[in-house]
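Just so we're clear, the structure is a prediction, and the values are computed from it rather than from any experiment.
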Amino acid sequence: MTELQTPTPVSLATAPRRRLHPAWPVAGVGFIALLGAAAFRSVPSVLMDPLHEEFGWSHGTIGTAVSLNLLLYGLISPFAAALMDRFGIRRVVACALLLVAAGSGLTVFMSRPWHLVLTWGLLVGVGVGSMSMPFVATITGRWFVRQRGLVTGVLTAAGATGQLVFLPLVSALAHAHGWRLPSLIVAGAALAVAPLVVLFIRDYPSDLGVRAYGAEPDSTAGLRVPAAGGASRALTVLGTIARRPGFWLLAGGFAVCGASTNGLVGTHFVSAAHDHGMPPTAAASLLAVVGVFDVAGTIASGWLTDRIDPRYLLIGYYTLRGLSLLILPALLGPDTQPSLWVFIVFYGLDWVATVPPTVVLCRELFGADGPVAFGWVFASHQIGSAVAATGAGVIRDLQGSYDLAWYLAGALCGAAAVMSAVVRRPPAAAR
């Protein structure tokens with residue numbers, strides 16, 4: 001097909017200079033899409049009590065839809081990355097937004113539990129999964145050479161920002177007007193973002209006659225690369241990268257990342273703090289502060305990734321995270337002491353700081369397959385989250401406290417630091 005043909009170097013060399021490189025509008029619209037995806041993914045947790053009150057469905061039944069949503073958020077990502085290579089970013093993200101709009105909007109007609117699983121679980125799960133972290137890797141890998149790490153950090157931070165901006169609003173609307181109005185607002189927001197994606201996102205810089213931002217004149221960065229296979233390519237890439245130790249090291253480290261953030265702290269911190277006498281509202285507010293500092297930490301990590309060996313950053317992040325988890329049981333109490341505030345601020349800065357260096361390492365190790373490879377690495381993150389969420393709950397039920405869960409997570413972070421240290425980067429010329 002014509003759209004898969006690579007433009008000649010002449011067309012790139014003679015392209016007129018632009019004041020604003022088109023990579024920046026692409027990144028800007030990507031930020032908006034990621035912002036929305038994070039908010040859409042988080043809405044079901046806010047609507048759990050209103051749905052329970054109206055329909056009488058158990059929290060376990062509603063949680064099934066939420067669990068499917070979270071699972072698809074991780075597992076669909078490598079296939080979405082492969083589809084972006086085959087059919088283009090615009091088409092995949094626009095279709096994903098339409099799925100979110102359909103899934104959220106159709107909930108106003110539901111009357112059975114399986115309707116919830118189909119809408120918020122399947123449709124919204126596939127939609128937001130198509131706009132997860134591999135979407136970041138695809139944009140930065142194609143459109144940026146200079147400041148790639150910084151842009152990765154900013155786009156990653158969109159996830160935390162989306163939750164911070166939308167969740168309080170959704171919660172207030174659900175409390176004042178019921179759960180249907182927030183569902184319709186989510187559907188409307190997804191439909192509103194879709195035209196921006198179609199108008200401003202292009203698949204490759206070469207489609208506009210330019211190179212990737214910061215690419216050298218003789219660089220091939222940003223040139224359209226023919227891809228075939230669609231979603232099946234995700235499995236092909238997995239078969240290839242699974243033979244390389246670097247993939248398993250990165251996936252293992254990222255599984256620990258998910259276990260020690262979303263799975264453990266994100267799921268059980270409020271309950272653990274309440275065990276020590278802290279009011280749940282106070283503990284929830286501390287988690288909100290984690291989200292605030294998460295934005296700053298992720299952007300700073302992206303900036304550092306452009307300047308420091310990403311392996312060293314991962315070693316530092318996992319080591320410090322592990323040490324902080326080991327001392328957390330001693331910090332929890334009925335009041336928020338200064339030492340606990342130090343933990344909250346640090347953990348916020350470190351929450352997803354691991355993403356920019358991991359994205360860069362996937363690009364270096366796997367080249368054009370980097371975004372799809374990162375999709376599989378990100379899937380391991382979600383698997384780690386799920387295992388920790390369940391495992392920590394079992395530990396609490398059996399022992400009456402979460403202490404062992406914190407200690408195990410701290411030890412796993414130490415193992416993740418070791419795995420990061422033994423990743424072998426390719427020669428500089430091959431990066």
A.B. asks: Give, for atom CD1 of I383 and atom CZ of F378, the distance between the pair rounded to the nearest 0.5 Å.
C.D. replies: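 I383 CD1 to F378 CZ: 11.0 Å, rounded to 0.5 Å.
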A.B. asks: Show every ring-ring contact (aromatic ring centres under 6.0 Å, His included) that has at least one partner inside residues 315-346, sequence neighbours left out.
C.D. replies: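 ring-ring contact (aromatic ring centres under 6.0 Å, His included) check on residues 315-346 returns F343-Y347.
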A.B. asks: Is there a donor in the side chain of D275 and an acceptor in the side chain of S271, or the other way round, less than 3.5 Å apart?
C.D. replies: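 No donor-acceptor contact under 3.5 Å links the two side chains.
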A.B. asks: Taking all atoms of both residues into account, what is the closest heavy-atom pair of G103 and T119, and its distance?
C.D. replies: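 Minimum heavy-atom separation between G103 and T119: O-CB, 3.2 Å.
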A.B. asks: Supply the atom-to-atom distance L320 CG to L325 CG, rounded to the nearest 0.5 angstrom.
C.D. replies: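 It comes to 11.0 Å.
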A.B. asks: If we only count heavy atoms from C-beta on, is the V265 to W351 side-chain gap below 4.5 Å?
C.D. replies: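 Side chain of V265 against side chain of W351, heavy atoms only: contact under 4.5 Å found.
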A.B. asks: What is the minimum heavy-atom distance between G30 and I201, and which atoms define it?
C.D. replies: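 Where G30 meets I201 most closely, the heavy atoms are N-CD1, 4.4 Å.
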A.B. asks: Taking the side chain from D306 and the backbone from G149, do they hold a donor-acceptor pair closer than 3.5 Å?
C.D. replies: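 Here the side-chain-to-backbone pair exists.
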A.B. asks: Please determine if D85 and R233 form a salt bridge, counting it only when a charged side-chain N lies under 4.0 Å from a carboxylate O.
C.D. replies: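 Answer for the salt bridge query: yes.
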A.B. asks: Please name all residues satisfying salt bridge (Lys or Arg N to Asp or Glu O under 4.0 Å) with R146, sequence neighbours left out, ordered by chain then number.
C.D. replies: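 Result, salt bridge (Lys or Arg N to Asp or Glu O under 4.0 Å) vs R146: none returned.
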A.B. asks: Using the test salt bridge (Lys or Arg N to Asp or Glu O under 4.0 Å), find all partners of R363 that sit at least two apart in sequence or belong to another chain.
C.D. replies: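 Result, salt bridge (Lys or Arg N to Asp or Glu O under 4.0 Å) vs R363: none returned.
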A.B. asks: So, taking the atom named CZ in R91 and the one named CG in D203, what distance separates them when rounded to the nearest 0.5 Å?
C.D. replies: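 Between R91 CZ and D203 CG, I get 7.5 Å after rounding to 0.5 Å.
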A.B. asks: Going by heavy atoms in the side chains, are V359 and R148 under 4.5 Å from each other?
C.D. replies: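 A side-chain contact is absent here, since even the closest heavy-atom pair is not under 4.5 Å.
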A.B. asks: Which pairs with one or both residues in residues 254-300 pass ring-ring contact (aromatic ring centres under 6.0 Å, His included), sequence neighbours excluded?
C.D. replies: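 Counting only pairs at least two positions apart or across chains, the ring-ring contact (aromatic ring centres under 6.0 Å, His included) contacts touching residues 254-300 are F254-F374, F254-H381, H268-Y402.
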A.B. asks: Search all heavy atoms of I315 against all heavy atoms of A417 and return the closest pair with its distance.
C.D. replies: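 What the structure gives for the nearest pair is CG1-O, 3.6 Å.
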A.B. asks: Does S301 reach the main-chain N or O of G297 with its side chain, forming a donor-acceptor pair under 3.5 Å?
C.D. replies: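 Flag not set: sc S301 to bb G297 has no pair under 3.5 Å.
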A.B. asks: Rounded to the nearest 0.5 Å, what's the gap from CG on L365 to CG on L250? Could you check?
C.D. replies: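 Output value for this atom pair is 6.0 Å.
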A.B. asks: Locate the shortest heavy-atom distance separating A212 from V145; write the atom from each residue and the value.
C.D. replies: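 That closest heavy-atom pairing would be CB-CG2, 4.1 Å.
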A.B. asks: Hey, does the side chain of W376 reach the backbone of A234 with a donor-acceptor pair shorter than 3.5 angstrom?
C.D. replies: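 Looks like yes, one N/O pair under 3.5 Å.
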A.B. asks: May I ask you to test the V345-V290 pair for a side-chain heavy-atom distance under 4.5 Å?
C.D. replies: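 Side chain of V345 against side chain of V290, heavy atoms only: no contact under 4.5 Å found.
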A.B. asks: First locate atom CG of L118, then atom OG1 of T107, and finally report the distance between them rounded to the nearest 0.5 Å.
C.D. replies: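 L118 atom CG to T107 atom OG1 measures 11.0 Å (nearest 0.5 Å).
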A.B. asks: Under a 4.5 Å cut-off applied to non-hydrogen side-chain atoms, are I89 and R142 in contact?
C.D. replies: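 The answer is yes, as the side chains (C-beta and beyond) meet within the 4.5 Å cut-off.
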A.B. asks: Would the distance check show the side chain of H21 and the main-chain N or O of G214 forming a donor-acceptor pair, the cut-off being under 3.5 Å?
C.D. replies: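 Not confirmed, H21 side chain does not pair with G214 backbone.
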A.B. asks: To check you understand the geometry: which heavy-atom pair defines the closest contact between L326 and P329, and what is its length?
C.D. replies: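 That would be O-CD, 3.7 Å.
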A.B. asks: Judged by atom type as modelled, is there a donor-acceptor pair below 3.5 Å linking the side chain of T298 to the main-chain atoms of D294?
C.D. replies: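 Judged by distance alone, yes, a pair lies under 3.5 Å.
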A.B. asks: Are H177 and P182 packed together at the side-chain level, in the sense that at least one heavy-atom pair is separated by less than 4.5 angstrom?
C.D. replies: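 Side chain of H177 against side chain of P182, heavy atoms only: no contact under 4.5 Å found.
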A.B. asks: Under the side-chain hydrogen bond (donor to acceptor under 3.5 Å, both in side chains) rule, what pairs show up with a residue in residues 123-134, not counting sequence neighbours?
C.D. replies: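 Not a single pair qualifies under side-chain hydrogen bond (donor to acceptor under 3.5 Å, both in side chains).
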A.B. asks: Return the minimal non-hydrogen interatomic distance between C362 and A373, and the atom names on each side.
C.D. replies: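 For C362 and A373, the tightest heavy-atom pair comes out as SG-C, 4.5 Å.
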A.B. asks: Is there any salt bridge (charged side-chain N to carboxylate O under 4.0 Å, His left out) pair reaching into residues 240-260, and which pairs are they, with sequence neighbours excluded?
C.D. replies: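 Not a single pair qualifies under salt bridge (charged side-chain N to carboxylate O under 4.0 Å, His left out).
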A.B. asks: Please examine the side chains of D335 and M278, heavy atoms only from C-beta on, and report whether any two atoms are closer than 4.5 Å.
C.D. replies: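 Result no, sub-4.5 Å side-chain heavy-atom pair not found.
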A.B. asks: Is there a ring pair (Phe, Tyr, Trp, His ring centres under 6.0 Å) between W24 and F144? Walk through the geometry before answering.
C.D. replies: CA-CA 9 Å; W24 296 110; F144 291 89; 5.0 Å; yes
A.B. asks: Is the side chain of S77 donor-acceptor paired with the backbone N or O of G74 at a distance under 3.5 Å, no angle test?
C.D. replies: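 A pair under 3.5 Å: yes.
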A.B. asks: Do the side chain of W143 and the main chain of R202 share a donor and acceptor less than 3.5 angstrom apart?
C.D. replies: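 Checking the backbone N and O of R202 against the side chain of W143, a donor-acceptor pair under 3.5 Å is found.
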A.B. asks: If we only count heavy atoms from C-beta on, is the T358 to L314 side-chain gap below 4.5 Å?
C.D. replies: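 Sidechains of L314 and T358: in contact.
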A.B. asks: Could you state the interatomic distance from CG (L68) to CG (L75), rounded to the nearest 0.5 Å?
C.D. replies: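 One finds 10.0 Å between CG of L68 and CG of L75.
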A.B. asks: Look at the side chain of S380 and the backbone N and O of G252, then say whether any donor-acceptor pair between them is shorter than 3.5 Å.
C.D. replies: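 No, S380 side chain to G252 backbone: no donor-acceptor pair under 3.5 Å.
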A.B. asks: Does V423 offer a backbone N or O that forms a donor-acceptor pair with the side chain of R311 under 3.5 Å?
C.D. replies: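 Yes, the answer is positive, given that a donor and an acceptor are paired below the 3.5 Å cut-off.
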A.B. asks: Count the heavy atoms belonging to other residues, nucleotides or ligands that lie under 6.0 Å from CZ of R424, then report whether that count exceeds 12.
C.D. replies: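 No - once you tally the heavy atoms of other residues, nucleotides and ligands closer than 6.0 Å, there are 12 at most.
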A.B. asks: Between S260 and R321, do the side chains contain an N or O donor and an N or O acceptor separated by less than 3.5 Å?
C.D. replies: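 Yes, side-chain donor-acceptor contact under 3.5 Å.
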A.B. asks: Run through V360, V355, L361 and flag the one making a side-chain contact (heavy atoms from CB on, under 4.5 Å) with T305.
C.D. replies: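 Among V360, V355, L361, the one that satisfies the side-chain contact (heavy atoms from CB on, under 4.5 Å) with T305 is V360.
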